[in-house]
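One structure is given here, and the rest of the page talks about it.
For clarity, every value in this text was computed on a predicted model and none was experimentally measured.
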Amino acid sequence: MKKYKEHRKKKQIFYKEAKTEIAKRNLHTLRTISIIVTFLILLLITITPLLVKTWRITIQYIIFAPVAAIFAIIAIVAISEDVKSPKLINGLCMLFEIVIMGFIMVIDIFPYPDSQCTFTPLALAVSATLFIFPEEYEYLFLTMSEAVFIYLTYSQKHEFVARGDIFASLVGFFVAIVLYNLFTKIHLSYHLVKEQYIKVSQRDELTGTLNNIVCENQMREYLRLKDDKDNVALICINLDYFKKANEILGKTACDNILKKFGKLLKKVYSDNAIIGRNKGDEFIVLMKNVINEEDIALRCSEIRIGLEEMSNVELDVQLTCSMGIVCTSDKFYSFDDLKGIAMDALYIAKNHGRNRFIIRNPKKIGQSINKKKFIIVAHNKEKEFKAIRDKFGDSADVLWAKNGKETVEQISLYSRRINALILNMDFEDYDGYDILHFMKTRIYTNKIPVLVLAKDEKTVDKAMLYGADEASYFPIDTTDIKLKVDHIMHNNAQIGERSVK
């Protein structure tokens with residue numbers, strides 16, 4: 001009884017979860033069987049008189065053929081491949097079974113009361129294997145069919161013939177029950193195997209979260225279809241110094257941490273998020289229906305605390321994580337836009353001491369306080385920066401980034417406000433080429449015009465290959481710099497105007 005109840009529960013879940021797939025398979029079966037039945041009836045009408053000289057066509061056959069053809073036409077023409085109403089399709093299939101069984105019984109009983117039945121036992125057995133129906137419907141159909149057949153046989157046929165027909169139909173009935181359960185078990189096993197395959201193919205084997213491709217596809221789809229009022233948060237997570245921990249503590253121990261970290265993410269975000277693993281120790285989460293930034297901060301704190309406690313127990317060291325977060329309800333931003341902003345926030349978090357999270361809002365990043373031009377000067381000498389700033393005077397707001405780290409942070413923070421970047425290629429902490437690559441590979445920074453400050457033509461030529469727009473040489477000439485920056489900003493504005501048109 002316990003096994004029966006478990007099996008019944010699995011079947012109920014199967015009929016509920018796979019109802020669209022079941023309806024689609026039933027539809028294809030209906031098309032095939034209705035065509036086959038129509039063809040067989042026409043074939044029997046044609047061949048039987050040649051084999052049985054005394055046989056004459058009856059009204060039942062005359063009506064049967066067009067009725068079967070009508071079902072075939074409905075299945076082929078009237079119902080599209082896109083299953084929008086599983087109940088309608090399954091209802092049509094059930095009606096088809098009832099009508100066909102009715103015609104077979106009539107053919108077996110009424111025209112030849114002295115002859116034994118030919119088709120009914122076979123029809124009972126075959127009907128149990130055709131369509132996928134819940135057992136209560138199939139059992140009801142088979143039982144009612146058998147009861148009607150017994151009643152009509154006793155009332156219309158001679159007793160001796162009736163007994164033989166009823167015995168044959170009962171055999172067909174019990175065979176039908178066995179076949180129905182056998183085929184149902186096969187359908188259920190197929191469904192479970194398919195579900196398991198989908199689960200394995202979509203999941204990261206180690207952490208149990210979605211793999212990178214499936215995760216990104218689901219996030220893109222959700223962002224495309226979400227309601228305008230639905231506030232979401234895209235969270236990029238990276239475990240701090242995990243590669244070093246992997247080298248020191250071993251792959252097995254660190255893999256166990258990743259596995260438990262995946263469980264921690266699913267526990268904290270529950271079913272209200274899409275959670276995936278990018279690669280290695282990088283994870284990405286899309287929170288749905290975000291209440292406010294405090295809600296995001298609370299959950300991120302839970303993740304950090306949970307990781308610290310877990311690593312203390314498992315590795316006897318305290319692992320931390322950095323998070324970059326972007327929060328918005330605006331559908332204007334694509335997945336790539338949001339991921340870029342979140343990754344930049346993560347980049348800043350990791351370069352400001354790690355073990356922290358930074359939340360960004362695209363609207364706040366993109367807001368411009370006034371109509372002045374906004375220029376970032378990435379240069380390591382304050383005196384020369386001030387000279388450049390003074391040259392622009394009141395025509396622009398000029399912000400100083402004294403090293404590569406600050407340059408990346410300010411580009412990320414003010415990306416939609418920046419009208420130009422003046423970039424020293426000789427930073428010690430970050431290569432100027434890396435900063436150019438960083439900008440040109442991101443949707444919201446790749447249009448920012450860049451003037452590079454360089455010592456020689458070789459550096460300038462390479463910078464141009466990396467996406468720089470103009471160059472000025474050391475020692476700096478503020479007049480030359482201003483003229484060239486004004487030029488590239490003017491060109492960029494014209495390109496923007498043309499694209500709008």
Side-chain angles (χ1 to χ4, degrees), residues 207 209-210 212 215-216 219 223 230-245 257-258 260-270 272-312 317-330 333 335-366 405-406 408-416 438 442 444-445:
T207 64
T209 59
L210 296 173
N212 186 34
C215 178
E216 287 199 2
M219 288 180 177
L223 290 171
D230 181 10
N231 207 31
V232 298
L234 190 69
I235 306 168
C236 291
I237 306 170
N238 185 247
L239 304 190
D240 298 325
Y241 301 113
F242 191 77
K243 289 181 181 177
K244 288 185 179 179
I257 284 291
L258 288 175
K260 292 192 173 183
F261 188 68
K263 290 181 179 178
L264 175 65
L265 290 175
K266 288 190 280 187
K267 179 183 175 182
V268 170
Y269 294 106
S270 188
N272 197 36
I274 301 170
I275 304 169
R277 182 187 181 194
N278 276 348
K279 58 181 179 179
D281 58 337
E282 294 179 10
F283 294 83
I284 187 167
V285 177
L286 180 68
M287 276 182 70
K288 307 173 186 176
N289 305 311
V290 175
I291 301 170
N292 48 41
E293 289 190 6
E294 287 73 21
D295 180 33
I296 302 170
L298 178 64
R299 292 174 189 261
C300 289
S301 297
E302 286 183 48
I303 293 295
R304 290 171 56 209
I305 293 168
L307 175 62
E308 290 174 7
E309 292 175 350
M310 180 201 313
S311 58
N312 269 329
V317 295
Q318 193 175 81
L319 286 178
T320 60
C321 64
S322 301
M323 305 184 194
I325 305 153
V326 56
C327 178
T328 184
S329 61
D330 198 336
Y333 298 97
F335 169 78
D336 294 311
D337 289 335
L338 295 180
K339 186 180 178 183
I341 297 171
M343 287 298 291
D344 288 337
L346 172 63
Y347 189 84
I348 294 166
K350 290 185 77 68
N351 285 279
H352 275 71
R354 292 176 164 82
N355 191 26
R356 67 195 65 223
F357 57 84
I358 293 177
I359 302 175
R360 293 278 184 256
N361 188 313
K363 285 187 176 180
K364 292 179 182 178
I365 292 172
K405 179 179 174 181
E406 283 192 8
V408 171
E409 178 182 350
Q410 290 180 11
I411 290 170
S412 300
L413 185 59
Y414 301 109
S415 58
R416 296 183 188 276
F438 169 83
R442 281 158 174 78
Y444 52 96
T445 61

Least distance between heavy atoms, C236 atom then M343 atom = SG-SD, 3.5 Å
Measure the spacing between OG1 of T445 and CZ of F438 and express it to the nearest 0.5 Å.
-> 6.0 Å
Would you tell me whether D240 and S322 have side-chain atoms, one donor and one acceptor, within less than 3.5 Å of each other?
-> yes
Test Q410 against E406 for side-chain contact (heavy atoms from CB on, under 4.5 Å), laying out the working first.
-> CA-CA 6 Å; Q410 290 180 11; E406 283 192 8; 4.1 Å; yes
For the residue pair F242 and L258, establish whether any side-chain heavy-atom pair is separated by less than 4.5 Å.
-> yes
Is there a side-chain contact between I235 and R299 (heavy atoms, below 4.5 Å)?
-> no
With side chains defined as the heavy atoms from C-beta onward, is the minimum distance between N212 and K279 less than 4.5 Å?
-> no
In short, N231 meets S329 closest at the heavy-atom pair OD1-N, 3.1 Å
Decide yes or no for K288 and I274: does some side-chain heavy atom of the first lie under 4.5 Å from some side-chain heavy atom of the second?
-> yes
Nearest atoms (heavy-atom pairs only) where I296 meets A233 | CD1-CB, 3.6 Å
Could you check if a side-chain atom of C215 sits within less than 4.5 angstrom of a side-chain atom of T209, using non-hydrogen atoms only?
-> no
T328 (side chain) donor-acceptor with N361 (main chain) under 3.5 angstrom | no
For N355 and R304 the tightest heavy-atom approach is O-NH2, 3.1 Å
Atom CZ in F335, atom CG in L234: separation rounded to 0.5 Å?
-> 6.0 Å
In Å, rounded to the nearest 0.5 Å, how long is the span from CD of E293 to CD1 of I359?
-> 5.0 Å
Determine, stepwise, if the pair N289 / D230 fulfils side-chain contact (heavy atoms from CB on, under 4.5 Å).
-> CA-CA 5 Å; N289 305 311; D230 181 10; 3.1 Å; yes
Can you name the closest pair of heavy atoms from I303 and L264 and give their distance?
-> O-CD2, 3.7 Å
Evaluate the criterion side-chain contact (heavy atoms from CB on, under 4.5 Å) for residue pair F357 and S301; output intermediate values, then yes/no.
-> CA-CA 9 Å; F357 57 84; S301 297; 3.9 Å; yes
Between F261 and T207, does a side-chain contact (heavy atoms from CB on, under 4.5 Å) hold up when you go through it step by step?
-> CA-CA 7 Å; F261 188 68; T207 64; over 6 Å; no
Between D281 and N238, is there a donor-acceptor pair closer than 3.5 Å when you use the side chain of the first and the backbone of the second?
-> no
Would a 4.5 Å heavy-atom cut-off, applied to side chains only, mark L265 and I237 as touching?
-> yes
Any side-chain heavy-atom pair from E282 and L346 closer than 4.5 angstrom?
-> no
Identify whether NZ of Lys or CZ of Arg in R354 sits under 6.0 Å from the centre of the six-membered ring of Y241 and within 45° of that ring's axis.
-> yes
Side-chain heavy atoms of E308 within contact of T320, under 4.5 Å = yes
